[in-house]
Amino acid sequence: MTPSDNDIRAVRAHAQLLGAPAADVVAVTRSVAAIQAQSSPAARLAIRARSRGLTAPDVDMSRAVSRTWLMRKTLHLVPTADLRWLNRLFGPRNAQAGQGRRRQLDLTDELCERALECLQDLLPGKALTRREILDGLAADGVVLDAKSQAPAHLLAYAANRGLLCRGQDDGMEPTYVLLDEWTTVDHTPDEPLAELAHRYLSAYGIATVEDFAAWSGLPLGLCRKGFDALDLVPAGGGFALSETGLSASPCPPCLLGAFDTYLLGYRDRDLLLDPAEAKRVNAGGGMIAPTVLVDGRIAGTWNAKRTAKQTKVVVEPFATLSRAAVSGLESEVDDYGRFLGETAVLVI
């Protein structure tokens, strides 16, 4: 039976845990393959939407999940147990792909190697902020302009080389730690590419090879090899794992954070987002706004406006919402407030 558009949306939302929340941070992160995490608040909200009973500190304090540069050369949150094999899969490619930009920033190969040697001496036993790292590098003669993009690209290069990863945030500031000190776990799958493809389809339900390439940033030929290694069935113009059910109950209304994986997992988003409204969600520059999900489809955007007394969650729907959708969003706003430890109210 060919799944309908509604079936495909329901299967995808179910695969993303949006209708069947998990109980802990690791379960969420593993189930969705990876969470984009260049914004810590957005990564927290991705976990809130897919979990039950967790709080923001539960996410922040968990060392069972870690951040480093992986898919599409972007920071992602993944289970710490998967950090090393994913780094080996993506790191060399990311480092090579970033070479041109590093040269534009005067991060020559020689300078980068000197910086990595300094970092090996600077970081043992410590979790340092970017400012602390720049000061330490400068003391060893490696001086970078703190206002430029050079520090960020150098740290990403060091991570892609397997030297460091992100540690726990120090307030609003990210920290960086030696990878070898952060984790000693190294459970490498026998076929890393096939494992990644399997996790991707487990997380995104029904998708094409092109979707997998867009999500991972890997060459299309490699993505085809990953799919070819799996037991797949045709579904909805794409493929699903043979064990995936091709129907599911519609997910309840959800508040998704910025850069949410529900949208980022597909090259073609038309089934999930009306193309006429796409610029309200993705205005350019790589930004993906926080969105409202109703029946598996993006139905609007939202933002939080905080005062001393309460937080207003302001929803801007694309069309009039049903009473059932509004009721579901009221429950979502209550949970959003609980998760952050704030008093939150819905404003439409």
Show the numbers, then the answer: is there a side chain to side chain contact (heavy atoms under 4.5 Å, CB included) between E117 and D121? CA-CA 7 Å; E117 290 176 4; D121 294 332; 5.6 Å; no
Does T244 form a side chain to side chain contact (heavy atoms under 4.5 Å, CB included) with L201? I'd like the steps, not just the answer. CA-CA 9 Å; T244 298; L201 281 172; over 6 Å; no
For K309 and T343, what are the C-alpha separation, side-chain angles and deciding distance, and is it a side chain to side chain contact (heavy atoms under 4.5 Å, CB included)? CA-CA 8 Å; K309 294 184 179 180; T343 299; over 6 Å; no
Step by step, work out the salt bridge (Lys or Arg N to Asp or Glu O under 4.0 Å) result for D58 and R44. CA-CA 9 Å; D58 291 333; R44 293 184 199 111; over 6 Å; no
Quick one: do R161 and E113 satisfy salt bridge (Lys or Arg N to Asp or Glu O under 4.0 Å)? Show the steps, please. CA-CA 11 Å; R161 287 283 300 271; E113 292 307 314; 2.7 Å; yes
Any chance you could lay out the side chain to side chain contact (heavy atoms under 4.5 Å, CB included) test for Y200 and L196, step after step, and finish with the verdict? CA-CA 6 Å; Y200 169 76; L196 185 71; 5.6 Å; no
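Residues T208 and R267 have side chains not in contact (no heavy-atom distance under 4.5 Å, counting atoms from C-beta outward). V65 has its side chain within reach of V26: a pair of non-hydrogen atoms, C-beta onward, lies under 4.5 Å apart. R50 has its side chain within reach of D260: a pair of non-hydrogen atoms, C-beta onward, lies under 4.5 Å apart. At a threshold of 4.5 Å between non-hydrogen side-chain atoms, the residues F318 and V281 count as touching. Annotation: side chain of L346 is in contact with side chain of V315 (closest heavy-atom distance under 4.5 Å). Side-chain contact between R102 and C112: present, with at least one pair of heavy atoms (C-beta onward) separated by less than 4.5 Å. Side-chain atoms of L144 and R130, non-hydrogen and from C-beta on, never get closer than 4.5 Å to each other. Residues D7 and L246 have side chains not in contact (no heavy-atom distance under 4.5 Å, counting atoms from C-beta outward).
A 6.0 Å sphere centred on CZ of R63 holds more than 12 heavy atoms belonging to other residues, nucleotides or ligands. Heavy-atom contacts from other residues, nucleotides or ligands closer than 6.0 Å to NE2 of H76 number more than 12.
If you check the side chains of R9 and N6, you find a donor sitting under 3.5 Å from an acceptor. Between the side chains of D334 and S331, no donor-acceptor pair of N or O atoms lies under 3.5 Å. Under the 3.5 Å distance criterion, with hydrogens and angles disregarded, no donor-acceptor pair is assigned to the side chains of R93 and Q96.
With rounding to the nearest 0.5 angstrom, the CD1 atom of I206 is 12.0 Å from the CG atom of L232. Here the CG-CG distance, from D135 to D140, works out to 12.0 Å after rounding to the nearest 0.5 Å. The line from NZ of K126 to CD of E132 is 9.0 Å long, rounded to the nearest 0.5 Å. To the nearest 0.5 Å, atoms OG1 (T301) and CG (N303) are separated by 7.0 Å. Atom CG in D106 sits 8.5 Å away from atom CG in L111 (nearest 0.5 Å). Atom OG of S216 is separated from atom CG of L70 by 11.0 Å, given to the nearest 0.5 angstrom.
A20 approaches H14 most closely through the heavy-atom pair CB-CE1, 4.0 Å. Pairing each heavy atom of W215 with each of G265, the nearest pair is CD1-CA, 3.9 Å. Between A56 and L340, the shortest heavy-atom distance links the atoms CB-CD2, 4.1 Å. For the pair L273 and A278, the tightest heavy-atom approach, listed with the atom from each and the gap, is CD2-CA, 3.7 Å. Residues L256 and W302 approach most closely at O-NE1, 2.9 Å, considering heavy atoms. The minimum heavy-atom distance between A344 and Y336, with the atom names listed, is CB-CD2, 4.1 Å.
A salt bridge does not link E110 to R114: none of the charged nitrogens lies less than 4.0 Å from a carboxylate oxygen. A salt bridge links E342 with R306: the distance from a Lys NZ or Arg NE/NH1/NH2 to an Asp or Glu carboxylate oxygen falls below 4.0 Å. A salt bridge between R269 and D211 is absent, with no side-chain N of the basic residue lying under 4.0 Å from a carboxylate O of the acidic one.
Cluster annotation: L77 and V28 are assigned to the same hydrophobic cluster (Ile/Leu/Val/Met/Phe/Trp/Tyr, side-chain heavy-atom contacts under 4.5 Å, transitive). Linking ILVMFWY side-chain heavy atoms closer than 4.5 Å, directly or via other members, places L179 and Y176 in two distinct hydrophobic clusters. V11 and L230 fall into different hydrophobic clusters, where Ile, Leu, Val, Met, Phe, Trp and Tyr are joined by side-chain heavy atoms under 4.5 Å apart, directly or via other members. Taken together through direct or relayed side-chain contacts under 4.5 Å among Ile, Leu, Val, Met, Phe, Trp and Tyr, L255 and L272 form parts of separate hydrophobic clusters. In terms of hydrophobic clustering, with Ile, Leu, Val, Met, Phe, Trp and Tyr side chains grouped at heavy-atom distances under 4.5 Å, L263 and L75 are assigned to different clusters.
Remark: A95 engages Y157, N160 in a side-chain contact (heavy atoms from CB on, under 4.5 Å) (not counting sequence neighbours). Applying the ring pair (Phe, Tyr, Trp, His ring centres under 6.0 Å) rule to Y266 yields the partners Y204; only residues at least two apart in sequence or on another chain are considered. Residues meeting the ring pair (Phe, Tyr, Trp, His ring centres under 6.0 Å) test with F259, sequence neighbours left out: none. Among residues two or more places apart in sequence or in another chain, the ring pair (Phe, Tyr, Trp, His ring centres under 6.0 Å) test is passed with F90 by none. Evaluation of the ring pair (Phe, Tyr, Trp, His ring centres under 6.0 Å) rule for F339 yields no partner, not counting sequence neighbours. For P21, the side-chain contact (heavy atoms from CB on, under 4.5 Å) criterion is met by R52, not counting sequence neighbours.
Each side chain to side chain donor-acceptor pair (under 3.5 Å) pair with one or both residues in residues 272-286, not counting sequence neighbours, appears once here: E277-R280. Judged as a side chain to side chain donor-acceptor pair (under 3.5 Å), the pairs with a partner in residues 226-239 (not counting sequence neighbours) are, in order, D231-S242. Among pairs with a residue in residues 19-37, those fulfilling side chain to side chain donor-acceptor pair (under 3.5 Å) read Q36-Q38, Q36-R72, at least two apart in sequence or across chains.
Listed for the S327 side chain is no donor-acceptor partner under 3.5 Å among the backbone atoms of R323.
Hydrophobic clustering, defined by side-chain heavy atoms of Ile, Leu, Val, Met, Phe, Trp and Tyr closer than 4.5 Å, groups V347 together with V314.
Using cut-offs of 30° and 60° for the angle between ring planes, the F227 and F239 rings count as perpendicular.
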Side-chain donor-acceptor pairs of residues 164-171 under 3.5 Å, sequence neighbours excluded:
unit_1: Q168; atom_1: NE2; unit_2: M61; atom_2: O; d: 3.1
unit_1: D169; atom_1: OD1; unit_2: R67; atom_2: NH1; d: 3.4
unit_1: D169; atom_1: OD1; unit_2: R67; atom_2: NH2; d: 3.0
unit_1: D169; atom_1: OD2; unit_2: S40; atom_2: OG; d: 3.1

For residues 286-300, run the donor-acceptor check on the side chains, cut-off 3.5 Å, and write out each pair with its distance to 0.1 Å, sequence neighbours left out.
unit_1: R297; atom_1: NH1; unit_2: D270; atom_2: O; d: 3.3
unit_1: R297; atom_1: NH1; unit_2: L271; atom_2: O; d: 2.7

